[in-house]
Number of protein chains: 4
Amino acid sequence: MPRKSTDERRQEIIQGLLEAMSEHGYAKASIKKIADAAGITPGLIHYHFDSKQAILLALVDELVTPQVAALEELARTADSPTAALMAMIDHLLAMGDAAQPDAVAAWVSVGAEAIREPDIAAAYSESLARLLGLFSDVITDGQQAGEFSTGDLNAHACAAALVAIMEGYFTIAASAREHIPPGSAAPATRRMARGLLDLPAE
Amino acid sequence: MPRKSTDERRQEIIQGLLEAMSEHGYAKASIKKIADAAGITPGLIHYHFDSKQAILLALVDELVTPQVAALEELARTADSPTAALMAMIDHLLAMGDAAQPDAVAAWVSVGAEAIREPDIAAAYSESLARLLGLFSDVITDGQQAGEFSTGDLNAHACAAALVAIMEGYFTIAASAREHIPPGSAAPATRRMARGLLDLPAE
Amino acid sequence: MPRKSTDERRQEIIQGLLEAMSEHGYAKASIKKIADAAGITPGLIHYHFDSKQAILLALVDELVTPQVAALEELARTADSPTAALMAMIDHLLAMGDAAQPDAVAAWVSVGAEAIREPDIAAAYSESLARLLGLFSDVITDGQQAGEFSTGDLNAHACAAALVAIMEGYFTIAASAREHIPPGSAAPATRRMARGLLDLPAE
Amino acid sequence: MPRKSTDERRQEIIQGLLEAMSEHGYAKASIKKIADAAGITPGLIHYHFDSKQAILLALVDELVTPQVAALEELARTADSPTAALMAMIDHLLAMGDAAQPDAVAAWVSVGAEAIREPDIAAAYSESLARLLGLFSDVITDGQQAGEFSTGDLNAHACAAALVAIMEGYFTIAASAREHIPPGSAAPATRRMARGLLDLPAE
DNA sequence: CATGAATGAGCGTTCATTCAT
DNA sequence: AATGAATGAACGCTCATTCAT
């Protein structure tokens, strides 16, 4: 007679890691702290996950999937590639601006952890690939529609540049938010995207 | 006279941390690993540094100061604000592109560590402030010279945007380099800077 | 249900510290030695106690509380203040004489540790205050009953003198027992108490 | 060409230990701290002393010898055994009262250290023996002069009792001075000595 | 499913002692 | 006689993981 379903428990544990990580970083987010944040006991963590790293991998998916879905939806419902791109930028930068500080901090920790853990690196890389693919598609659409021109750069390089901006804003937002004038990230990024893609000024 | 001077040893230890950190991240860059990388015994580390964190703070300075000096030199010797800005972008992005992978990886770890360690956060924030100041000065110069126009954004917000790009490219370069087409970072950033500052295409 | 209850383990650890301390002093009573004495592994110590100092604080309470209770009982059931005082002296000095050499040695280490550790000093001071209070009450009772006379000294100063004798005998018993003729501590102290309180010789 | 004589250096080191010990206790009085307190470098310590323990043994002698000499002088110049005893009590308790807090704290640490170090125990025991001998002599003199009567106790037991008081006052003075009313130690001890030795009240 | 005591390896740090200079 | 860098063992403590209950 299960007190809670496996899926629910896994969700709680993942959220516990998110909470612990945003406060202490991954290395110091101990199983005990994760368990406390999830409102369960330490022993139960390893019943639902093989290892601490497995929770992190699940968290990466948890962080990325809804964003990708939201961006896809934005791209699909936009009137034009330009409108789609601007909507995507606004959506992503809103996160860094303040909307989900825990998720942003956790994401930065994931990027750092990826330096030394191949499994995390793979998940991180795949997550970036998903984002890159979305931007790449929109840029290709815009090129074919004659809205965008990318000079010597291909669509992939331009997509990487846009993802880099997002990553950069997230990094600074996580550790030195005071250096980002509130509300400036999205407009600045839109201006930069216009330069990148040869769009006329707004 | 001691067997080696304190300054030499401190340098070796700082480089040992850089090496260990770029491979394992800060948390797993143990005193033992740092000592091995520096070719000394663990006990000696704490003869020269009060704590592991003190080494990291010294490393942050070591990483940032020469870059800031180089950027200042570039800004001073450039013919125009536009030329200065482009030279600075090229210089910084060259690092991320491949020139100093260890330093880039270490820097990303610093950003992540800053999330939870106030002292590191302070050093990280100050380092960003130094970079931001340089960009901010160039942008202000360009505005006054009539070369740049920043729309609704002030110089600081534009500087933050450029620093964010750099941070973002570094983050991706450290963990998922395969997503950055080699050689694309600097040209893409130059295009974005043109959009940000209302410069005509090259 | 865990393998052993927290209370049982805490007791075993406290006793392990008592054992290790009486043999090696507090500083050299390492977590490893405490664990060995308690028959457990070192890691478990910090599951049950936050720090080594926390064990010491628990031990101080463990040492003092039963003695205070015993002295209170003696004071309560004695026929007169004089009888109460003599019973208390006999009870306390019996410890130093030989009855609990481990506890006496540990207590001396606590006093020394109190010199440099404010938390230990507070616990030590409070323990002394409890003993002093008991003696002070008995002396005040004796004064009011016309049995004791303390000259220029107040009850508190006389209580302090009696507690000092006890501390002194404990100190010598712990490190240089050969200098205390067996069985002499209590009679000598009774004679001194008579002088202190103007009691006629037995 | 010696910059300072060996004897001077040894003295400085012993005083350095006294200073470091009274502040940090023996275990935490590191060679570095002793050297700092002595105004020399760590390496020099082991040129003048074989080990840290050897300094402590020298310190014990340093602490006790002048007191013993002073007490001998007091005993020799006193008009009577009673006067001698009271002068000795006043002299010793003046230390605990406030005169030399560093020495008192160090002495208590020596007593605690004696629990676990046989060599320290031997030195501590010998120091106590010297004090005991002095008191024992005076008491024997007083008995022979018909001034003192010690009941069932022999002179040694009475001497031990007086030394215990001193040790006890020192212990409390070192860690919980607030419990000793200032100026009360000597008068209280004189009253106790009168009871111990069947002297009439002052 | 769930608990929480238990393990053991590793961590950052301290330090008495040694020794090249 | 003196320096201060260097060593290596020990320390208190943390923690992912295991497992009896």
Side-chain angles (χ1 to χ4, degrees), chain A residues 1-6 8-9 24 27-35 39-55, chain B residues 1-6 8-10 27-35 39-55, chain C residues 1-10 27-35 39-55, chain D residues 1-6 8-9 24 27-35 40-55:
Chain A
M1 203 181 326
R3 328 243 177 113
K4 270 207 182 175
S5 82
T6 287
E8 273 178 286
R9 275 290 184 235
H24 307 103
K28 295 263 179 183
S30 66
I31 296 289
K32 174 84 171 61
K33 282 175 193 146
I34 299 169
I40 59 175
T41 52
L44 192 52
I45 302 261
H46 279 85
Y47 178 84
H48 291 285
F49 288 94
D50 281 346
S51 67
K52 186 180 159 185
Q53 184 174 293
I55 317 174
Chain B
M1 185 107 55
R3 284 160 248 185
K4 262 205 183 177
S5 82
T6 286
E8 275 177 281
R9 276 290 183 239
R10 282 178 63 95
K28 294 267 180 178
S30 65
I31 296 290
K32 173 86 172 61
K33 281 176 191 147
I34 298 169
I40 58 177
T41 52
L44 192 52
I45 303 264
H46 282 90
Y47 179 79
H48 291 287
F49 286 95
D50 282 346
S51 67
K52 184 180 162 184
Q53 184 173 292
I55 317 174
Chain C
M1 184 109 53
R3 283 162 247 185
K4 261 205 182 178
S5 83
T6 285
D7 277 357
E8 274 178 284
R9 275 289 184 239
R10 283 178 64 95
K28 294 267 178 181
S30 66
I31 296 290
K32 173 84 171 65
K33 282 176 191 147
I34 299 168
I40 58 177
T41 53
L44 191 53
I45 302 264
H46 282 92
Y47 179 80
H48 291 287
F49 286 94
D50 282 345
S51 66
K52 183 180 162 186
Q53 184 173 293
I55 317 174
Chain D
M1 204 181 324
R3 328 248 175 107
K4 271 207 181 173
S5 81
T6 287
E8 275 177 285
R9 276 288 184 238
H24 306 104
K28 294 263 179 182
S30 67
I31 296 290
K32 174 86 172 61
K33 283 176 192 146
I34 297 169
I40 59 174
T41 52
L44 193 51
I45 303 261
H46 279 84
Y47 178 83
H48 290 287
F49 288 93
D50 282 346
S51 67
K52 185 179 160 185
Q53 184 175 292
I55 318 174

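Each chain gets a letter, A, B and so on, in the order its sequence line appears, and its residues count up from 1.
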Taking the nucleotide of DNA chain F with the closest heavy atom to each, which residue, C:A29 or D:Y47, is nearer the 5' end?
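The residue closer to the strand's 5' end, by nearest nucleotide, is D:Y47.
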
Contact nearer the 5' end of DNA chain F, comparing A:A27 with B:G43
B:G43

Is the phosphate of [N], meaning OP1 or OP2, less than 4.0 Å from a side-chain N or O of [X]?
{"X": "D:H46", "N": "E:dC19", "answer": "no"}
{"X": "C:T6", "N": "E:dG4", "answer": "no"}
{"X": "B:S30", "N": "E:dG10", "answer": "no"}
{"X": "C:H48", "N": "E:dA6", "answer": "yes"}
{"X": "D:S51", "N": "E:dA16", "answer": "no"}

Closest-nucleotide 5' rank along DNA chain E - winner of A:P42 and B:K33:
A:P42

Between B:D50 and C:I40, name the one whose nearest nucleotide on DNA chain E is closer to the 5' end.
C:I40

A:I55 side chain near A:H48 side chain, heavy-atom distance below 4.5 Å:
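Not in contact.
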
For the residue pair D:I45 and D:K52, establish whether any side-chain heavy-atom pair is separated by less than 4.5 Å.
no

Kindly calculate the angle separating the two end axes of the helix from E:dA2-F:dT21 to E:dT21-F:dA2, each obtained from five base pairs, and round it to 10 degrees.
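One end axis against the other gives 10°.
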
Among E:dG4, F:dA2, F:dT7, which nucleotide has an atom closest to any side-chain atom of A:T41?
E:dG4

Choose from F:dA1, F:dA6, E:dC11 the nucleotide whose nearest atom is closest to any side-chain atom of B:R9.
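Between F:dA1, F:dA6, E:dC11, the one nearest the side chain of B:R9 would be F:dA6.
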
Using only atom types and a distance under 3.5 Å, with no angle test, would you say the side chain of B:K33 pairs donor to acceptor with the backbone of B:K28?
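It does hold such a pair.
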
Could you tell me which non-hydrogen atom of C:T41 sits nearest to which non-hydrogen atom of C:A35, and how far apart they are?
C-CB, 3.8 Å

